[in-house]
Amino acid sequence: MSTGKRRPLVVGNWKMNKGPQEADALAVQLKVVIQDYPAVDVGVAPTFLALPAVAERLKHTAVQVVAQNCHPEVSGAYTGEVSPEMLRQLGVTWCLVGHSERRQIFGESDSFVGQKVRGCLRAGVLPILCVGETLAERDAGQAEAVVQRQLDAGLAGLPTDQLASVTIAYEPVWAIGTGRNASPQQAQEIHAFIRSYLEDRYPPFVSRSMRILYGGSVKGSNAAGLLGQADIDGALVGGAALTRDDFVAIVAAAHQRGS
Ligand code: PGA
């Protein structure tokens, strides 16, 4: 458990929803209302197609632009892919890496996810490394082992000075898009496990400063309980990030934690 004070971060993952016009319309709403919550870092992750419009709309505002995915390389023959360098040119601050939908539906391996983390850092884009166990893994008592394996590969080979640029998102797969969120205690247990994983391996500033977000059916109604936990530094939000009021309710709860 950690008592360090980290600035909360809330990221809305819009997944494969909202084309450029709809995405821009939500960005217009958010850029005004988010000004009321200065104690929180806020980001939104539209589809690649909507990124240019949203990045333009949110330039010089309090809302950062986040990508949902990337390829590790700078450029080359990788049909259909987007590089971290291209994201940086567009003004993207963070990039999700290893989201469970990428791992499960698109077969991304732990080591490929680690390459993406390193590719982001090379380009100056801040990776949000997503980890989390499936229900079968949790029921088999393997939640911590799975998270540890994903952290080992995701953080492999990173110099300690770069670790401070990484954010971790713990997202139990059984809680994503299911309406079944982890209880604050269940989430805190794994967050504390991740914090002690960092403490055991790196200098103290890493575990003190690295933000660990919770994701999986976060809503306005459960955000305060989750964000009240010692090691939960913010939220990665899917469904509830698609409408202004639902998302803002979560940002407001994070603002409470940060104030
Ligand atoms: P959810 O998605 O909030 O809809 O469960 C979270 C995520 O996948 O990041």
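Atoms within each ligand, like the ligands themselves, are counted from 1 in listed order.
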I'd like to know whether Asp233 forms a salt bridge (charged side-chain N to carboxylate O under 4.0 Å, His left out) with Arg7, so could you lay out the CA-CA distance, the side-chain angles of the two residues, the decisive distance to 0.1 Å, and finally the verdict. CA-CA 7 Å; Asp233 305 312; Arg7 196 175 149 79; over 6 Å; no

Side-chain donor-acceptor pairs of residues 235-246 under 3.5 Å, sequence neighbours excluded:
from   : atom 1 : to     : atom 2 : distance (Å)
Thr243 : OG1    : Asp246 : OD2    : 2.9

Please list, chain by chain and in numerical order, all residues satisfying ring pair (Phe, Tyr, Trp, His ring centres under 6.0 Å) with Phe112, sequence neighbours excluded. His71

Using a threshold of 4.0 angstrom between heavy atoms of the protein and any atom of ligand 1, which residues qualify? Asn13, Lys15, His99, Glu171, Ala175, Ile176, Gly177, Gly216, Ser217, Leu236, Val237, Gly238, Gly239

Listing, residues 89-96 side-chain donor-acceptor contacts under 3.5 Å, not counting sequence neighbours, or none:
from  : atom 1 : to    : atom 2 : distance (Å)
Gln89 : NE2    : Glu85 : OE2    : 3.2
Thr93 : OG1    : Gln64 : OE1    : 2.8

Is Arg103 salt-bridged to Asp110, cutoff N-O under 4.0 Å? yes

What closest approach, in Å, do Pro84 and Val125 show between heavy atoms, and which atom pair accounts for it? O-CG2, 3.5 Å

